[in-house]
Amino acid sequence: MKSTLAPLAAIVLAATTAQAEEVRVYNWSDYIDEALLDKFEAETGIDLIYDVFDSNEVLETKMLAGGSGYDVVVPSGTFLQRQISAGAFQPLDFSKLPNAVNLWDVIKSRTEQYDPGNAHAINYMWGTTGIGANVGKVAEALGPDAPLNSLELVFNPANMEKLASCGVHFLDAPAELIPAALKYIGEDPDSHDPDVIAKAEGVLSAVAPYVQKFHSSEYINALANGDICVAIGWSGDVLQARDRAAEADNGVEIVYNAPVEGALMWFDMMAIPADAPNPDAAHVFLNFIMDAHNMADASNYVYYANGNLASQEFLVEDVIGDPAIYPDKATLENLYTTTPYSAKVQRVVTRLWTKIKSGT
Amino acid sequence: MRRYALIAVPYLWLLALFLIPFLIVVKISLSDTEVSIPPYTPTLDLSGGWQSVKDFFAALDFENFVFLTTDDLYWKAYLSSLKIAAISTVLTLIVGYPIAYGMARAEESWRPTLLMLVILPFWTSFLIRVYAWMGILSNEGYLNQLLLSLGLIGEPLTILNTNTAVYIGIVYTYLPFMILPIYATLERMDGSLLEAAEDLGCSRSGAFWLVTMPLSRPGIIAGCFLVFIPSLGEFVIPSLLGGSRTLMIGKVLWEEFFSNRDWPVASAVAVILLLILIIPIILFQRNEQKQREMDQ
C-alpha cells in the first residue's frame, strides 16, 4: 500500500509545484515586445502562457463567465470598473509589488475614477483614439490641405465620399466612436442620455456607407501596406503601422493625430481575476512589468505611453519626444475620458451601432 | 435488457449533449441581466431548500421573448439568415451533385482516392481556410490579380466584405457535407436499373431524371440538412468574409452576448433559432414517415 501511495504523492506534489510555476496572461494583440516574455521566463523560472484578444467585449465575457483560467488580464478603464463591481478581480497585494513605487501619479489620479484607490489594477499602457492617415493617398483624394488632425476628415460626408475609394477603416468600438461623434457636434462625449447618444447616429450613419470595414486590429496591416488611406484607430497601433511601412520602405507615409476637437484618452489596466489559479505568480508578473527597464522596453516596442514614471528615462526619443505618444500639456488638457454605460444605455448604444453598421 | 441498454446509449448521448445544455439555455433566457458573475439572475441555490427552488422559478419570466418582438432587427436577421442559408444550400447542391455523380460513376479503383480528395481540406483548420479565402478574394488578392492579368476586368472586383464572399465561403466550407451523402446513395445504386430504363426506350437524360435523381433523393435531403442547418447559425464566415451590412442571426447573437452582456436575451435569440430549425425538421420527418407507410 505504502509503496503505491508514495509515488502517487510524489506526482501530486510535482503537479502542484508545477502549477505554481505557471502564469497565464491574456493581453491585447500586438501589445508587447516578445523578448520581454522570454526575459520574464528566464528571470523568474515561471512558465508564461501568453494569449491575446482584440476586443474588451471578448475579455469581459470571459471574466463574467468566470473560470477563465487566466492570472493576469488587461481590460480598459471603463470595462475594468464594471468588472470590479461584478466582483471579477481580487485586490492587489502591494507588499508583493515593490516596483509599484515606479507608477506615475498623473496617470494614477486619472485611473482612480475607474478603480477607487487603484486597489485592483495597475496601468499598463494608455493612449488616445485618433486618426491615422496615409499622407500621400489622402492628399491625392482631398488635396494638400486635407484636415489630417481634425474629425472633419472622417465625419464630414463630403470628405469621406472622396476617401471611400482609397479605403477607410473605423474601430469596431461603439464606446469610442460614439463619444467622438458627440464631440464633433459639440455634445458631451461622455453623455449617458439616450437622446443625446441618438444624435451621434446622424453623424456616423452619414459616413458609414463610405467605411470599408469596422474592425479593431486589421487596420494596422492595412495602413502599413497602403491598402487603406484613413483609419480611426488607437495611437500606438497607428504608429506601429507607420513603422512597419517605414521598415518595408514601400513609399507609404503614415501619420497619427489626436483630433484637435478633443480625443478620447483610455487606459489599459492589468488586473488579477478573483479566481486566478496562480495569484502569486500573477503578482510576480505585474512586478516584473512595473520594472522601469521592462516597462520602457515595452513602450519602446509598441509606441504607447505607459503609466510608469521611472521608465521615462529609458524611453527612446522617438517615444518620449513624440507628442502623439506623450502629448504636451495643451493636448493633454484637450483629452477626455468616459465612464461605463449602464446595461440599459449599453443596449441603446449597441443597437445604434448595429443600425449604423448594417443600416437595419 | 441488452436491447434497452443499446437503445439507451444514443438517448443518453442526446440527453447529456443536447437536452441538458438546451434546458440551461432556456433557463437563462427566462432570467434577467445583472452585473455579477455569472451576469444574470436568479441562479439556482439548492442550499436554501424547497423555498429557494420555489423563489427561483417564481423569478423566471418570458420578458426577453417579448422584447425580441419589439425590435425588427431580430426578425430581419432571422429572415436574412434563412435567405443566405437557403441560397447557399441550393448553390452547394448545384456544385456538389455533379461532383458526387462523377465520383460514383468513376472506376471503382479511383473512388477511394476521389473520396480522399473531398475529405482532404478537413486536415487544415477551418479558420485558416477561411483566412485563405480573404487572401484570394481581397481587392489585391489572387483572384483579382489573375483576372486583371488576363485582361478580363479593368479594375479589381470588390468581393471581400460582401454577401458574395459569404456565399463563396459557405459553399466552399460545406461542400463535402453535400457531396458525401449524395455519393453514398449514388454509389449504392443498382446500375441495371439504368440499363432497364434505356432498354425500355428512355433517353440517357430521361433515365437520369426519372431514375437516378429520385433514387438519390435521401442523399440530397441529408446533404441539404447538413449544409442548411450550420449555415443558418454561421458566425465565423460572415464575420470574416462578410461586410458590415451582412446581417445574420449569428452576429446578432454575438452582439447580445458580448456587447450588451445580455446573456438572457442572447439565450432567447438562440432558443428561437433552434425552434426555427427543429420545427420544420420534425414536420418534414413526420411527412416522410407517413409517405413511407403509404408506399408500403
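Just so we're on the same page: letters track the sequence lines, and every chain starts at 1. Quantities reported herein were computed from a predicted structural model and do not represent experimental measurements.
- Side-chain N/O atoms of A/D190 and A/T339 include a donor and acceptor closer than 3.5 Å.
- When each of A/K357, A/R351, A/M63, A/Q346 is scored by its heavy-atom pairs under 4.5 Å with chain B, the top score falls to A/R351.
- By the 4.5 Å heavy-atom criterion applied to side chains, B/E256 and B/W263 are not counted as neighbours.
- For B/N144 (side chain) and B/E140 (main-chain N/O), no donor-acceptor pair under 3.5 Å exists by modelled atom type.
- With 3.5 Å as the limit, one finds no donor-acceptor pair spanning the side chains of A/D54 and A/S29.
- Contacts between B/L247 and chain A at a heavy-atom distance below 4.5 Å involve the side chain alone, from C-beta outward.
- The stretch residues 77-92 of chain A places A/F79, A/R82, A/S85, A/A86, A/G87, A/A88 near chain B, each with some heavy atom under 4.5 Å from a heavy atom of that chain.
- Between the side chains of A/N27 and A/Y50, at least one donor N or O lies within less than 3.5 Å of an accepting N or O.
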Give the intermediate values and the outcome of side-chain hydrogen bond (donor to acceptor under 3.5 Å, both in side chains) for residues A/Y219 and A/Q212. CA-CA 11 Å; A/Y219 67 95; A/Q212 193 188 78; over 6 Å; no

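- Taking the six-membered ring for Trp and the full ring otherwise, the centers of B/F18 and B/W13 sit at least 6.0 Å from each other.
- Of the atoms belonging to B/Y40, not a single heavy atom falls under 4.5 Å from chain A.
- Using a 4.5 Å cut-off between heavy atoms, A/E60 touches chain B through its side chain atoms alone.
- Looking only at heavy-atom pairs under 4.5 Å with chain A, the residue among B/N260, B/N139, B/V252 that has the most is B/N260.
- Ranked by non-hydrogen atom pairs under 4.5 Å with chain B, the options A/V211, A/V58, A/L64, A/D172 are led by A/L64.
- Put simply, of A/G66, A/G359, A/A65, A/S55, the one with the most heavy-atom pairs under 4.5 Å next to chain B is A/A65.
- You'll find the ring centres of B/F177 and B/F122 inside the 6.0 Å limit.
- With a 6.0 Å cutoff to the six-membered ring centre and a 45° limit on the axis angle, A/R347 does not count as a cation-pi contact of A/Y341.
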